[in-house]
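Taking it in order: structure first as structure tokens, then the write-up.
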Protein chains: 2
Amino acid sequence: MVIQTQSQRLTDDEVDRIFHALADATRRDIIQRTLTREQSLTELAADYDMSFAAVHKHVSVLEGAGLITKHANGRARLVQANPSMLRKVRGLLDEYEQIWRGRIERLDALLAED
Amino acid sequence: MVIQTQSQRLTDDEVDRIFHALADATRRDIIQRTLTREQSLTELAADYDMSFAAVHKHVSVLEGAGLITKHANGRARLVQANPSMLRKVRGLLDEYEQIWRGRIERLDALLAED
DNA sequence: TTAACGTATAACCAAATGGTTATACAAACA
DNA sequence: TGTTTGTATAACCATTTGGTTATACGTTAA
């Protein structure tokens with residue numbers, strides 16, 4: 001078993017996988033549903049107009065991105081969203097906001113000269 | 001000329017396009033660079049190890065997602081990031097946070113019973 | 001008016017994506 | 001034990017993606 005240490009910084013590949021995982025409405029819906037309460041794969045699959053295998057693939061993509069985790073309960077696999085990863089994504093966007101604010105401040109400083 | 005009214009809610013397709021656009025390191029880099037200051041396509045293309053046409057495609061993807069805007073200046077096309085769209089994306093993630101908090105509150109309420 | 005520069009786009013290609021059906025395995029139950 | 005249920009995965013397919021080269025089109029400058 002590998003203990004995943006909470007890495008401070010995400011690599012480009014990790015960020016690629018996270019945003020890719022979020023770029024699909026079915027996968028975003030799975031995140032929403034499993035934020036509220038954990039759900040098994042069959043429970044999830046029942047509500048989408050596609051095969052179980054397709055839903056299984058979507059869940060795998062989310063798992064690979066660290067956006068959800070699965071744990072076994074008998075033969076069921078319970079899926080739950082991982083809010084800490086969602087917060088990390090928000091943190092990435094906050095960095096953009098900081099860059100933007102930095103630009104505004106430099107413009108302000110420029111106007112304030114003389 | 002079409003005046004784009006600031007639509008309150010993004011459609012699934014729009015969100016798909018936005019996250020897809022963010023799921024590539026080159027495109028994220030273009031956003032970062034053009035948040036600081038607007039840059040022409042050739043300026044942008046000079047720093048990547050790929051053809052001008054490839055960079056042009058990346059910029060088109062970002063433009064289609066509303067994450068950057070282009071305006072002409074002579075023969076140059078100046079690219080600048082669109083911070084308001086980035087904030088909207090953050091808003092989407094905030095919604096997930098709200099759902100998550102709602103769950104916690106319900107759990108707290110449950111524990112508070114008796 | 002030509003030549004050079006910046007941009008746009010077409011045609012092509014390999015690889016990835018998102019779906020399918022079919023099959024296998026593992027756990028629960030009659 | 002045998003059957004059903006839940007999950008995993010393989011093989012396949014059409015479409016999309018992300019790159020290429022080549023070419024065309026405006027705009028600037030000599």
Side-chain angles (χ1 to χ4, degrees), chain A residues 1-2 11-34 37-81, chain B residues 11-34 37-81:
Chain A
M1 179 185 179
V2 174
T11 67
D12 274 354
D13 278 0
E14 287 169 333
V15 179
D16 284 2
R17 263 180 281 131
I18 291 168
F19 280 125
H20 169 70
L22 290 169
D24 180 281
T26 301
R27 289 196 290 260
R28 288 193 300 277
D29 195 63
I30 291 173
I31 289 177
Q32 289 223 15
R33 292 175 58 185
T34 58
R37 70 172 188 83
E38 63 185 12
Q39 265 171 284
S40 74
L41 280 170
T42 29
E43 278 180 297
L44 288 173
D47 287 336
Y48 302 109
D49 189 23
M50 65 184 76
S51 67
F52 173 87
V55 175
H56 185 276
K57 279 192 188 181
H58 281 305
V59 169
S60 295
V61 170
L62 289 167
E63 198 178 12
L67 287 164
I68 61 121
T69 56
K70 278 197 304 192
H71 63 275
N73 186 335
R75 61 188 163 191
R77 295 291 177 278
L78 298 179
V79 176
Q80 60 184 0
Chain B
T11 67
D12 274 354
D13 278 0
E14 287 169 331
V15 179
D16 284 3
R17 263 180 280 131
I18 291 169
F19 280 125
H20 169 72
L22 290 170
D24 180 283
T26 302
R27 290 196 289 262
R28 288 193 301 275
D29 195 64
I30 291 173
I31 290 175
Q32 287 224 13
R33 291 175 60 186
T34 58
R37 71 174 188 81
E38 63 184 12
Q39 267 171 282
S40 74
L41 280 170
T42 28
E43 279 179 297
L44 289 173
D47 287 335
Y48 301 109
D49 188 24
M50 64 183 76
S51 68
F52 174 87
V55 174
H56 184 277
K57 279 192 188 180
H58 281 305
V59 168
S60 295
V61 169
L62 289 167
E63 197 179 11
L67 287 165
I68 60 119
T69 56
K70 278 196 305 191
H71 63 273
N73 186 335
R75 62 188 161 190
R77 296 291 178 278
L78 298 180
V79 176
Q80 59 183 0

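Chain letters run A, B, ... following the sequence lines, proteins first, then strands; residues in each count from 1.
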Show me the donor-acceptor pairs within less than 3.5 Å that the side chains of residues 23-33 of chain B make with the rest of the protein, sequence neighbours left out.
from     : atom 1 : to       : atom 2 : distance (Å)
Asp24(B) : OD1    : Thr26(B) : N      : 2.9
Asp24(B) : OD1    : Arg27(B) : N      : 3.1
Arg27(B) : NE     : Ala21(B) : O      : 2.9
Arg27(B) : NH1    : His58(B) : ND1    : 3.1
Arg27(B) : NH2    : His20(B) : O      : 3.1
Arg28(B) : NH1    : Asp16(A) : OD1    : 2.9
Arg28(B) : NH1    : Leu22(B) : O      : 2.7
Arg28(B) : NH2    : Asp12(A) : O      : 3.3
Arg28(B) : NH2    : Asp16(A) : OD1    : 2.8
Asp29(B) : OD2    : Tyr48(B) : OH     : 2.6
Arg33(B) : NH1    : Leu44(B) : O      : 3.4
Arg33(B) : NH1    : Tyr48(B) : OH     : 3.3
Arg33(B) : NH2    : Glu43(B) : O      : 3.4
Arg33(B) : NH2    : Asp47(B) : OD2    : 3.1

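Counting atom types as modelled, Arg77(B) pairs no side-chain N or O with a base atom of dT7(C) as donor and acceptor under 3.5 Å.
Each of Arg75(A) and Ala54(A) was assigned the nucleotide of DNA chain C with the nearest heavy atom; the assignment lying further toward the 5' end belongs to Ala54(A).
When rounded to the nearest whole Å, the span between NE2 of His20(B) and P of dG18(C) equals 10 Å. The distance between atom NE2 of His58(B) and atom C1' of dT20(D), rounded to the nearest whole Å, is 12 Å. When rounded to the nearest whole Å, the span between CZ of Arg17(A) and P of dT17(C) equals 11 Å. The separation between Glu43(B) atom CD and dC5(C) atom C1' is 14 Å, rounded to whole Å. Rounded to an integer number of Å, the gap from CD of Glu38(B) to P of dG6(C) is 16 Å. Note: CD1 (Ile30(A)) to P (dG18(C)) measures 12 Å, nearest angstrom. Atom CG of Asp29(B) is separated from atom P of dG18(D) by 16 Å (rounded to the nearest Å). Look at CG on Asp49(B): it is 10 Å from P on dG19(D), rounded to the nearest Å.
Annotation: side chain of Val79(B) is not in contact with side chain of Gln39(B) (no heavy-atom distance under 4.5 Å).
Comparing atom distances between the Ala53(B) side chain and each of dG18(D), dA10(C), dT20(C) picks out dA10(C) as nearest. Comparing dT20(D), dT7(C), dG18(C) by their nearest atom to the side chain of Phe52(B) picks out dT7(C). Side chain of Met50(B), nearest nucleotide from dG19(D), dG26(D), dG18(C): dG19(D). Distances from the side chain of Thr42(A) to the nucleotides dG18(C), dA11(C), dG6(D) place dG6(D) closest.
Within the model, atoms OG of Ser40(B) and CZ of Arg75(B) stand 11.0 Å from one another, a figure rounded to the nearest 0.5 Å. Taking OG of Ser60(B) as the reference point, atom NZ of Lys70(B) lies at 5.0 Å (rounded to 0.5 Å). Arg77(B) CZ to Thr69(B) OG1: the interatomic distance, rounded to the nearest 0.5 Å, is 13.0 Å.
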Test log, rule side-chain contact (heavy atoms from CB on, under 4.5 Å), inputs Glu63(A) and Ile68(A): CA-CA 5 Å; Glu63(A) 198 178 12; Ile68(A) 61 121; 4.0 Å; yes
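Dashed line: the shortest gap from a side-chain N or O of His56(B) to OP1 or OP2 of dA8(C) is under 4.0 Å. The phosphate of dT21(C) has neither OP1 nor OP2 within less than 4.0 Å of any side-chain N or O from Ser51(A).
Nearest heavy atoms, Gly64(B) versus Arg17(B): O-NH1, 3.0 Å.
Within residues 59-74 of chain A, the residues approached by DNA chain C to less than 4.0 Å at the level of any non-hydrogen atom are Gly74(A), in residue-number order.
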